[in-house]
Amino acid sequence: MQLDMKITVLGSCVSRISLLDGDQKGHGIAGNELKLEYFLDKQNIALAMMPPPFDKETVETITADELWDKSRLHSLKQTLLKETVPLLMNGESKYLVMDFFDFHNAFLSYKNTAFATQAHEFLQTHVYREHRTGIKSWCFFDMPTWIYYPWIDQFFETILQKFDSDHIILNRFRANTYYLSKEGTILPIPDSYKMPYQCHDKYNGPGRALEDYVIQKYDPYVIDLSQFFMGDANVWDNLQGAHFEREFYRETYDQIMRIVKDETHDKYFSQPRFFSEERRGIDEDRKRAFDIEAGFKTMEMLVEKEDILWLNVLDKLYMYAPNDSRVQEYVRSVMEEF
């Protein structure tokens with residue numbers, strides 16, 4: 001069914017690939033029912049409310065040849081010129097899907113303002129070299145909240161003039177601590193993927209606090225699934241903590257579509273379809289290797305840490321060893337509790 005509706009993503013691959021139903025190489029939106037108006041990535045909403053650091057003429061001198069990733073030129077210029085909010089306010093999208101991935105990343109200050117760096121692409125430019133003596137690097141999650149929460153409020157008070165709370169979807173984000181290896185064991189994300197321009201699980205606490213603040217004050221639709229999922233080396237070469245298993249994207253996509261189709265009015269969704277033979281993609285998921293005994297040890301470790309990810313590991317054990325008496329006992333206790 002064609003909905004003839006536009007939607008904008010303000011956030012990261014966490015939400016962008018969710019709208020692609022997990023297809024990293026896809027375009028537009030999976031299913032072709034919606035049209036993607038904008039994908040505004042690396043656009044920190046607090047920084048979006050601050051003045052531009054440079055005039056337009058200076059920004060326009062930056063060329064793609066200066067960047068590691070040539071495709072970042074357009075979005076880098078958007079961040080420097082602070083075009084995010086005008087694009088949203090003047091756009092045609094009915095829904096806005098957001099995540100706060102970018103608060104994990106470093107940003108730069110210059111004179112009386114600050115700006116996002118496009119995963120440090122800006123640091124490769126001649127504009128940075130010419131002004132570097134006046135530029136400093138920071139991360140909001142290392143700061144007291146009184147410094148940046150007022151900018152958050154200013155953003156939402158502006159954007160709510162365009163999108164009411166029933167047309168904003170907050171995709172909660174918890175950076176991965178673990179990933180599923182190709183050999184079928186669950187391992188910690190390597191430190192090499194926790195650079196200042198990539199997300200870090202040490203910021204999951206302040207990240208969740210920021211989400212709680214926004215949810216309580218502005219009441220958007222909320223999808224809270226990332227906390228239940230891990231990374232997956234079977235589908236990602238880059239194991240940074242914002243890259244998830246296909247299951248996460250499928251379930252997030254399904255909930256977004258339920259919201260935009262007006263099939264649900266539950267403002268808060270946090271129910272992954274674990275222990276279900278009928279969920280989409282389960283046959284694909286089973287093709288991955290999984291070490292049963294190592295999985296049990298990991299699950300017990302996560303239970304001890306009170307990390308909700310243990311439910312994900314139990315779900316995998318149920319997929320691969322449904323007749324194991326230990327698995328059956330755990331699943332039975334979960335079903336009784338929830």
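A quick note: this is a predicted structure, and the numbers were derived from the prediction, not measured.
Between Thr185 and Ala294, the shortest heavy-atom contact is CG2-CB, 4.2 Å. For the residue pair Leu10 and Phe155, the shortest heavy atom distance occurs at CD2-CZ, 3.6 Å. Between Met49 and Thr158, the closest heavy-atom pair is CE-OG1, 3.8 Å. Across Arg246 and Glu284, no two heavy atoms sit closer than the pair NH1-OE2, 3.7 Å. Residues Gln118 and Ser75 share a closest heavy-atom pair of OE1-OG, 3.1 Å. Between Ser18 and Phe248, the closest heavy-atom pair is OG-CE2, 3.8 Å.
The line from OG1 of Thr125 to CG of Leu76 is 7.0 Å long, rounded to the nearest 0.5 Å. Atoms CG and NZ, from Leu47 and Lys82 in turn, are 6.0 Å apart once rounded to the nearest 0.5 Å. In this structure, CE in Met89 is found 5.0 Å from CD in Gln161, a value given to the nearest 0.5 Å. Considering CD1 of Ile259 and CD1 of Ile7, their distance stands at 9.0 Å, rounded to 0.5 Å. Here the straight-line distance linking atom CG of Leu123 with atom CZ of Arg132 works out to 8.5 Å at 0.5 Å rounding. Here the straight-line distance linking atom CZ of Phe228 with atom CD of Glu247 works out to 14.0 Å at 0.5 Å rounding.
Proximity of a side-chain donor or acceptor of Ser15 to a complementary backbone N or O of Val9 within less than 3.5 Å is not detected. Remark: side-chain polar atoms of Thr8 are not paired, donor with acceptor, to backbone N or O of Glu37 under 3.5 angstrom. No side-chain donor-acceptor contact under 3.5 Å links Glu329 to the backbone of Arg326. At least one donor-acceptor pair under 3.5 Å links the side chain of Asn204 to the backbone N or O of Ala175. With Arg288 contributing its side chain and Asp285 its backbone, the two residues share a donor-acceptor pair below 3.5 Å. Without hydrogens or angle criteria, Asp99 side chain to Ser12 main chain gives a donor-acceptor distance under 3.5 Å. Not a single donor-acceptor pair under 3.5 Å links the side chain of Gln198 to the backbone N or O of Gln240. The main-chain N or O of Gly205 is never found under 3.5 Å from a side-chain atom of Arg174 such that the two would form a donor-acceptor pair.
Between the side chains of Asn105 and Asp102, at least one donor N or O lies within less than 3.5 Å of an accepting N or O.
In this structure, Trp151 places its CH2 atom where more than 12 heavy-atom neighbours from other residues, nucleotides or ligands lie under 6.0 Å away. Residue Lys305 places its NZ atom among 12 or fewer non-hydrogen atoms of other residues, nucleotides or ligands, all under 6.0 Å distant. Counting non-hydrogen atoms of other residues, nucleotides and ligands closer than 6.0 Å to CD of Glu263 gives a total above 12.
With Tyr253 as the aromatic partner, Arg280 does not meet the cation-pi criteria of under 6.0 angstrom to the ring centre and within 45 degrees of the ring axis.
Counting only heavy atoms from C-beta outward, the side chains of Val327 and Ile292 never approach each other to under 4.5 Å. Considering only heavy atoms from C-beta on, Ile147 stays 4.5 Å or farther from Trp138 through its side chain. Considering only heavy atoms from C-beta on, Gln255 comes within 4.5 Å of Thr264 through its side chain. Between Leu80 and Ile62, the closest side-chain pair of non-hydrogen atoms falls below 4.5 Å. A 4.5 Å side-chain heavy-atom check between Leu210 and Val214 finds at least one atom pair inside the cut-off. Here the side chains of Ser93 and His167 are not in contact, with every heavy-atom distance at 4.5 Å or above. Looking only at side-chain heavy atoms (C-beta outward), Trp236 and Gln24 come within less than 4.5 Å of each other. In this structure, the side chains of Gln227 and Leu309 stay at 4.5 Å or more apart for every pair of heavy atoms.
Under the 4.5 Å side-chain contact rule for hydrophobic residues, Tyr95 and Val14 share a cluster. Linking Ile, Leu, Val, Met, Phe, Trp and Tyr residues whenever their side-chain heavy atoms come within less than 4.5 Å places Tyr149 and Leu170 in a single cluster. When the side chains of ILVMFWY residues are joined at heavy-atom separations under 4.5 Å, either directly or via intervening members, Val85 and Tyr218 end up in a single hydrophobic cluster. A single hydrophobic cluster is not seen to contain both Ile223 and Ile168; linkage of ILVMFWY side chains at heavy-atom distances under 4.5 Å, directly or through other members, places them apart. Note: the hydrophobic cluster containing Met301 also contains Leu317 (ILVMFWY, side chain heavy atoms under 4.5 Å, direct or indirect links).
Ion pairing between a basic and an acidic side chain is recognised when a charged N comes within 4.0 Å of a carboxylate O; Glu121 and Lys42 show no such pairing. The pair Lys267-Asp166 counts as a salt bridge, with a side-chain nitrogen and a carboxylate oxygen less than 4.0 angstrom apart. Ion pairing between Asp291 and Lys297 fails under the 4.0 Å rule for side-chain N and carboxylate O. The pair Arg250-Glu245 does not meet the salt-bridge criterion, since no charged nitrogen lies less than 4.0 angstrom from a carboxylate oxygen. We find that Arg172 and Asp212 are joined by a salt bridge, their nearest charged nitrogen and carboxylate oxygen being less than 4.0 Å apart. A salt bridge links Lys217 with Asp153: the closest approach of a Lys/Arg side-chain nitrogen to an acidic carboxylate oxygen falls below 4.0 angstrom.
Screening Gln78, Glu83, Met98 for a side chain to side chain contact (heavy atoms under 4.5 Å, CB included) with Leu40, the sole residue that qualifies is Gln78.
Aromatic ring pairs are classed by plane angle as parallel below 30°, tilted from 30° to 60° and perpendicular above 60°; the pair Tyr318 and Phe275 is perpendicular. Relative ring orientation between Tyr148 and Phe140 is described as tilted, the plane-to-plane angle lying within the 30° to 60° band. The aromatic rings of Phe100 and Phe156 stand perpendicular to each other, their planes meeting at an angle above 60°, with 30° marking the opposite boundary. Under the 30°/60° scheme for interplanar angles, the aromatic rings of Phe54 and Phe115 are found to stand perpendicular. A perpendicular orientation is assigned to the rings of Phe244 and Tyr249, their planes being inclined by more than 60° (bins at 30° and 60°).
Note: Phe229 and Phe274 meet the aromatic proximity criterion, with ring centroids under 6.0 Å apart. Aromatic pair His104/Phe173: centroids less than 6.0 angstrom apart.
Sorted by first and then second residue, the ring pair (Phe, Tyr, Trp, His ring centres under 6.0 Å) pairs involving residues 282-304 (not counting sequence neighbours) are Phe290-Tyr320.
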Side chain to side chain contact (heavy atoms under 4.5 Å, CB included) between Phe269 and Arg258, intermediate numbers included: CA-CA 11 Å; Phe269 180 75; Arg258 284 190 287 265; 3.5 Å; yes

CA sep, side-chain torsions, deciding dist, call: Lys77, Leu73, side chain to side chain contact (heavy atoms under 4.5 Å, CB included): CA-CA 6 Å; Lys77 289 183 177 181; Leu73 180 64; 3.6 Å; yes

Worked verdict on Lys316 versus Met230 for side chain to side chain contact (heavy atoms under 4.5 Å, CB included): CA-CA 12 Å; Lys316 288 179 170 56; Met230 65 184 80; 4.2 Å; yes

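Residues satisfying the side-chain contact (heavy atoms from CB on, under 4.5 Å) test with Ser276, not counting sequence neighbours, are Arg273, Glu278, Arg279.
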